[in-house]
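Input: a single structure, listed below in structure tokens.
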Amino acid sequence: MNNLTDLAEKEVFRKEILEMAAQSEPVGASLQVLAAGLRKMGINAGEEELERQAAYLEGKGLLHVERLKNARLGISRVVAHITPAGTDVLEGNAEAVGISS
């Protein structure tokens, strides 16, 4: 694929992450849930890439990423929550470079 196609795919990928995070509020969406939802849409991304894109969205203030651990039960989860700024982008009240419109 060329760079333009790669860029467009990442922009769509990021918007889908925001959409699923918005739909999962108030509890948020774990990376496992996001990955399963993305697979159903034909977007196959590894956990590392999903974390990278979630961190990108968090850096823009569109997503809040929460890392939850319970050592006693051996559970570790990364949960994504949409922020008000992310909601504004989805609703068309704001624009964000790097996110499909």
Side-chain angles (χ1 to χ4, degrees):
M1 277 187 236
N2 64 37
N3 288 340
L4 186 57
T5 304
D6 290 342
L7 180 61
E9 284 182 359
K10 283 183 180 180
E11 289 178 353
V12 170
F13 183 30
R14 293 171 188 148
K15 184 167 185 182
E16 293 301 335
I17 292 170
L18 286 178
E19 291 277 0
M20 286 189 285
Q23 292 172 15
S24 68
E25 287 304 323
V27 294
S30 70
L31 291 187
Q32 292 85 353
V33 168
L34 291 173
L38 290 164
R39 274 193 304 276
K40 287 190 179 278
M41 288 182 257
I43 301 171
N44 292 311
E47 187 174 326
E48 192 174 296
E49 180 62 19
L50 186 53
E51 282 197 54
R52 189 175 9 266
Q53 297 306 322
Y56 175 88
L57 293 167
E58 185 174 38
K60 289 191 163 280
L62 305 175
L63 203 66
H64 168 67
V65 177
E66 184 178 17
R67 286 166 174 72
L68 306 168
K69 289 187 180 193
N70 184 319
R72 181 182 228 186
L73 297 176
I75 297 171
S76 177
R77 293 283 185 267
V78 177
V79 179
H81 298 273
I82 194 163
T83 65
T87 300
D88 284 342
V89 169
L90 289 181
E91 291 177 349
N93 298 322
E95 290 187 23
V97 175
I99 311 298
S100 178
S101 52

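All heavy atoms count here, side chains included; hydrogens, waters and symmetry mates do not.
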Less than 3.5 Å apart, which donor and acceptor atoms pair up between the side chains of residues 66-73 and the rest of the protein, not counting sequence neighbours?
unit_1: E66; atom_1: OE1; unit_2: H81; atom_2: NE2; d: 2.9
unit_1: N70; atom_1: OD1; unit_2: R72; atom_2: N; d: 3.1
unit_1: N70; atom_1: OD1; unit_2: L73; atom_2: N; d: 2.9

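Here E11 does not pair with R14 in a salt bridge; the nearest charged N to carboxylate O distance is not below 4.0 Å.
A 6.0 Å sphere centred on CD of Q32 holds more than 12 heavy atoms belonging to other residues, nucleotides or ligands.
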Item to complete: Begin from the C-alpha positions of L90 and K15 and carry the test side-chain contact (heavy atoms from CB on, under 4.5 Å) through to its verdict.
Response: CA-CA 8 Å; L90 289 181; K15 184 167 185 182; 4.1 Å; yes
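For the atom pair OG1 (T83) and CD (E25), the distance works out to 9.5 Å, reported to the nearest 0.5 Å. Rounding to the nearest 0.5 Å gives a distance of 10.5 Å between CG of L34 and CZ of R39.
Pairing each heavy atom of L38 with each of E16, the nearest pair is CD2-CB, 3.7 Å. The two residues G61 and A85 come nearest to each other via the heavy atoms O-CB, 3.5 Å. Annotation for S24 and A80: closest pair OG-O, 4.5 Å, computed over non-hydrogen atoms.
The only option from T87, I17, L57 that meets the side-chain contact (heavy atoms from CB on, under 4.5 Å) definition with L62 turns out to be L57.
Following chains of ILVMFWY side-chain contacts shorter than 4.5 Å, one can reach L50 starting from Y56, so the two form part of one hydrophobic cluster. Residues V79 and I82 fall into different hydrophobic clusters, defined by Ile, Leu, Val, Met, Phe, Trp and Tyr side chains chained together at heavy-atom separations under 4.5 Å. A continuous path of hydrophobic side-chain contacts links L31 to V65 [ILVMFWY only; heavy atoms under 4.5 Å].
You'll find the side chain of F13 reaches within 4.5 Å of the side chain of E49, heavy atoms only. With a 4.5 Å cut-off on side-chain heavy atoms, M20 and M41 count as touching.
For the pair K60 (side chain) and V97 (backbone), a donor-acceptor distance under 3.5 Å is present.
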